[in-house]
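Basis for what follows: all heavy atoms, side chains included, without hydrogens, waters or symmetry-related copies.
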Amino acid sequence: MQTGVPVGSTSGTTPVGVAPETSKSPQRIGVPREVFPGEKRVATVPEVVEKLIKLGFSVAVESGAGEAANCSDESYRAAGATIVGDAAQLWATSDIVFKVGVPTTEEVGLLREGGTLIGFIWPAQNPELMQQLTAKRATVLAIDALPRMLSRAQKMDALTSQAGVAGYRAVIEAANAFGRFFNGQITAAGKVPPAKVFIAGAGVAGLAAIGTAAGLGAIVRANDTRAEVADQVVSLGGEFVKVDFEEEGGGGGGYAKVMSEGFQVAQREMYAKQAREVDIIITTALIPGKPAPKLITAEMVKSMKPGSVIVDMAAERGGNCELTVPGQAVVKHGVTIVGYTDLASRLAKQSSTLYATNLFRLTEELCKTKDGVIDVNMEDDAIRGLTVTKGGTITWPAPAPKLAAAPAAAAAKPVAAPAAKKGGHGHGGGGEPMAGNKLAIMFGVAAALFWLIGASAPAAFLSHFTVFVLACFVGYMVVWNVKPALHTPLMSVTNAISSIIAIGALVQISPIAGAVDRPNDWITWVATAGIVLTSINMFGGFAVTQRMLAMFRK
């Protein structure tokens, strides 16, 4: 609550022409008990209460609000919160209310006039709720309306945090309903094959399910309309199953779009094939503002092996399976179809902690002065996207956020006259080719030096010098053209150099046919030592390379 200080109530004298300062009282954050049947989550946890108090806020929690999430009233008191026994009193005395579920009509009636509400709202699906909140002149921040394409908004992204928990729990529910191990085992009683899991949709929930199922030892396959997630699926231990139809499915904001009829036909054929082969199907496909697409038909369910399991994570929006019953687990044609709509709530402690952290990060953005008073800055793209009503005016939908423009390309510099750069002709130098006249002069000087050396040096030296120059050239070409086995050519180049040294040492100690002079003992021992050292380096390099490759494969 913000209160102005009346003129004359301050001590001292206010200079003429200077407006008297106003003081702001710290606002109170209220956390009511969730009233939706089966909802076990709570909007904040004791660990986060301490952080909110450090921002200057006071926190009130309805008695019993966190019991289902293993957060007792005593733990809230120890963190500095006030426990309020009556829900109406909590709503009436709170400037800001944190919630998880969509508020009911009764809860909107308890909200104080001009108060602030933060939580899941789903404005597109709840137009009547929006009108009720407007009548209360409320400022409402819908955590589900966060512009997710903004990188700095990720810390406030409750949709992502809750979807990750739900994806993990979906695999646990599948394992509970499945009649075998997930991982393959060889026991004295016989061999147990690993379970085969197919995941439709590789968004946040799908990726969490892929990682969990792969961690349990199952053979995991996944599909998504967005081709860019294929690498993410593989990185988590899954196999990406591609639809035999070329069409991009990215719909912006991290969501998928509605695909063409041709793509959907090809997709259904692929799903039908997977249904016959796998033991478990987990579906996650949702499109914002639309009913869940039907991916698994009744015929596909009939084709599955007895004892198979389907976990439909889109059950709350009608389900991806034709036979899903929202909120229940049913058995149809010998297949268990799990349609629970409270997967995140079934891990109440974990999901509440993540959600509370999301709201705390949002509160930090709203209260940068740390004085316990929020400022809903409509110039901030993230805050503007979240704000669906402000002071009795509907502000949803928000305009598209202003993404940072790409830096302008530097103006092309005029091409200089054909003067050669130093070293421009060397390997990897990146310069322009050397001019023809300078190249001719360089070769002329080199030829003159070579003639002078040959005229004054012994005949044996000239032959050795020629071999040396050719060896340098050949060695350079051999070493730097070795194709590396790893991302760095370090191992390959050192092994190539060692190979050349070993060949040179072998030449020194081996007798040459028809030669009169034999290498003396000193040369023989040095060459032998060179062969031993380079052999160690070569074999060690190959061994280390193989170990590094094995590590990357894991």
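With hydrogens and angles disregarded, a donor-acceptor distance shorter than 3.5 Å links the side chain of R317 to the backbone of K290. Judged by distance alone, the side chain of N183 and the main-chain N or O of P194 form no donor-acceptor pair under 3.5 Å. E34 places a side-chain N or O within 3.5 Å of a backbone atom of G101 that can act as its donor or acceptor partner. For the pair K136 (side chain) and G109 (backbone), a donor-acceptor distance under 3.5 Å is present. No donor-acceptor pair closer than 3.5 Å links the side chain of D375 to the backbone N or O of L366. Listed for the S235 side chain is a donor-acceptor partner under 3.5 Å among the backbone atoms of Q232. Within the 3.5 Å criterion, the main-chain N or O of G392 finds no donor-acceptor partner in the side chain of T134. Distance alone, capped at 3.5 Å, is enough to place a donor-acceptor pair between the N358 side chain and the K155 backbone. Side-chain atoms of E173 never come within 3.5 Å of backbone atoms of V338 as a donor-acceptor pair (strictly under, hydrogens ignored).
Summarising the local packing, NZ of K273 is surrounded by 12 or fewer heavy atoms from other residues, nucleotides or ligands at distances under 6.0 Å. In Y168, the OH atom is not crowded: 12 or fewer heavy atoms of neighbouring residues, nucleotides or ligands sit closer than 6.0 Å. For K370, the NZ atom is loosely surrounded, since the number of other residues' heavy atoms within 6.0 Å does not exceed 12. Atom NZ of K40 has 12 or fewer heavy atoms from other residues, nucleotides or ligands within 6.0 Å. Few gaps surround CD on E261; more than 12 heavy atoms of other groups in view lie less than 6.0 Å from it.
Ring pair F120/Y355 is parallel by interplanar angle, where below 30° counts as parallel and above 60° as perpendicular.
Considering T284, T324, T341 as possible partners of D312, the one that fulfils the side chain to side chain donor-acceptor pair (under 3.5 Å) test is T324.
A distance of 6.0 Å separates CD1 of I210 from CG of L236, quoted to the nearest 0.5 Å. Here the CE atom belonging to M156 is positioned 5.5 Å from the CD1 atom belonging to I383, to the nearest 0.5 angstrom. Distance check, rounded to the nearest 0.5 Å: CG of L386 to CD of E365 gives 10.0 Å. With rounding to the nearest 0.5 Å, the separation of OH in Y340 from CD in Q328 is 9.0 Å. M304 contributes atom CE, which lies 10.5 Å from atom CD of Q274 (distance to the nearest 0.5 angstrom). Note that CG of D95 is 5.0 Å distant from CD of Q27, once rounded to the nearest 0.5 Å.
When side chains are defined from C-beta on, L111 counts as touching L133, because their heavy atoms get closer than 4.5 Å. In this structure, the side chains of I121 and M130 come closer than 4.5 Å at one or more pairs of heavy atoms. The shortest side-chain heavy-atom distance between T336 and F178 does not fall under the 4.5 Å cut-off. Between T116 and V97 the shortest side-chain heavy-atom distance does not fall below 4.5 Å. At least one side-chain heavy atom of Q267 sits less than 4.5 Å from a side-chain heavy atom of L295. With contacts defined as side-chain heavy-atom distances shorter than 4.5 Å, the pair I29/L52 qualifies. Between V335 and V309, every side-chain heavy-atom pair lies at or beyond the 4.5 Å cut-off. Counting heavy atoms from C-beta outward, E316 and L286 have side chains that stay 4.5 Å or more apart.
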request  = Any chance you could lay out the side-chain contact (heavy atoms from CB on, under 4.5 Å) test for I281 and Y271, step after step, and finish with the verdict?
outcome  = CA-CA 10 Å; I281 295 178; Y271 283 155; over 6 Å; no
task = Decide yes or no on side-chain contact (heavy atoms from CB on, under 4.5 Å) for V330 and L323, but give the supporting numbers first.
result = CA-CA 9 Å; V330 297; L323 303 181; over 6 Å; no
inquiry  = Applying side-chain contact (heavy atoms from CB on, under 4.5 Å) to T104 and F36, what does each step give before you reach the verdict?
reply    = CA-CA 9 Å; T104 63; F36 188 81; over 6 Å; no
message = If you apply the rule salt bridge (Lys or Arg N to Asp or Glu O under 4.0 Å), what do you find for R77 with D73, and how did you get there?
response = CA-CA 6 Å; R77 284 197 189 94; D73 291 349; 5.2 Å; no
task = In sequence, state the C-alpha distance, the side-chain angles, and the governing distance for F182 and V197, and then conclude on side-chain contact (heavy atoms from CB on, under 4.5 Å).
result = CA-CA 9 Å; F182 261 47; V197 180; 4.2 Å; yes
message = Between Q162 and R41, does the side-chain hydrogen bond (donor to acceptor under 3.5 Å, both in side chains) criterion hold? Intermediate values first, please.
response = CA-CA 11 Å; Q162 301 306 291; R41 291 173 292 179; 2.9 Å; yes
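For D342 and R346, the salt-bridge test passes: some basic side-chain N is under 4.0 Å from an acidic carboxylate O. A salt bridge links E277 to R221: one of the charged nitrogens lies within less than 4.0 Å of a carboxylate oxygen.
Taking all atoms of both residues into account, the shortest heavy-atom contact from P147 to D381 is CG-O, 3.7 Å. The two residues P123 and D144 make their nearest non-hydrogen contact at CD-OD2, 3.4 Å. Of all the heavy atoms in V388 and A145, the pair that sits closest is CG1-CB, 4.4 Å. The heavy-atom pair separating V35 from E107 by the smallest distance is CG2-OE2, 3.6 Å. For K349 against N70, the heavy-atom pair with the smallest separation is NZ-O, 4.2 Å. The minimum heavy-atom distance between K294 and C321, with the atom names listed, is NZ-O, 3.9 Å.
A donor atom on one side chain and an acceptor atom on the other are found under 3.5 Å apart for T160 and D157. A donor-acceptor pair shorter than 3.5 Å cannot be found between the side chains of D279 and S308. No donor-acceptor contact under 3.5 angstrom links the side chains of S94 and R112, judged on distance only. In summary, the side chains of E322 and T297 do not present any donor paired with an acceptor at a separation below 3.5 Å, with no hydrogens or angles considered.
Scored by the side-chain hydrogen bond (donor to acceptor under 3.5 Å, both in side chains) test, N126 finds no partners at all (sequence neighbours excluded).
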Scan the side chains in residues 78-92 for donor-acceptor partners under 3.5 Å anywhere in the protein, sequence neighbours excluded, and list what turns up.
from, atom 1, to, atom 2, distance (Å)
D86, OD2, A88, N, 3.4
D86, OD2, Q89, N, 3.0

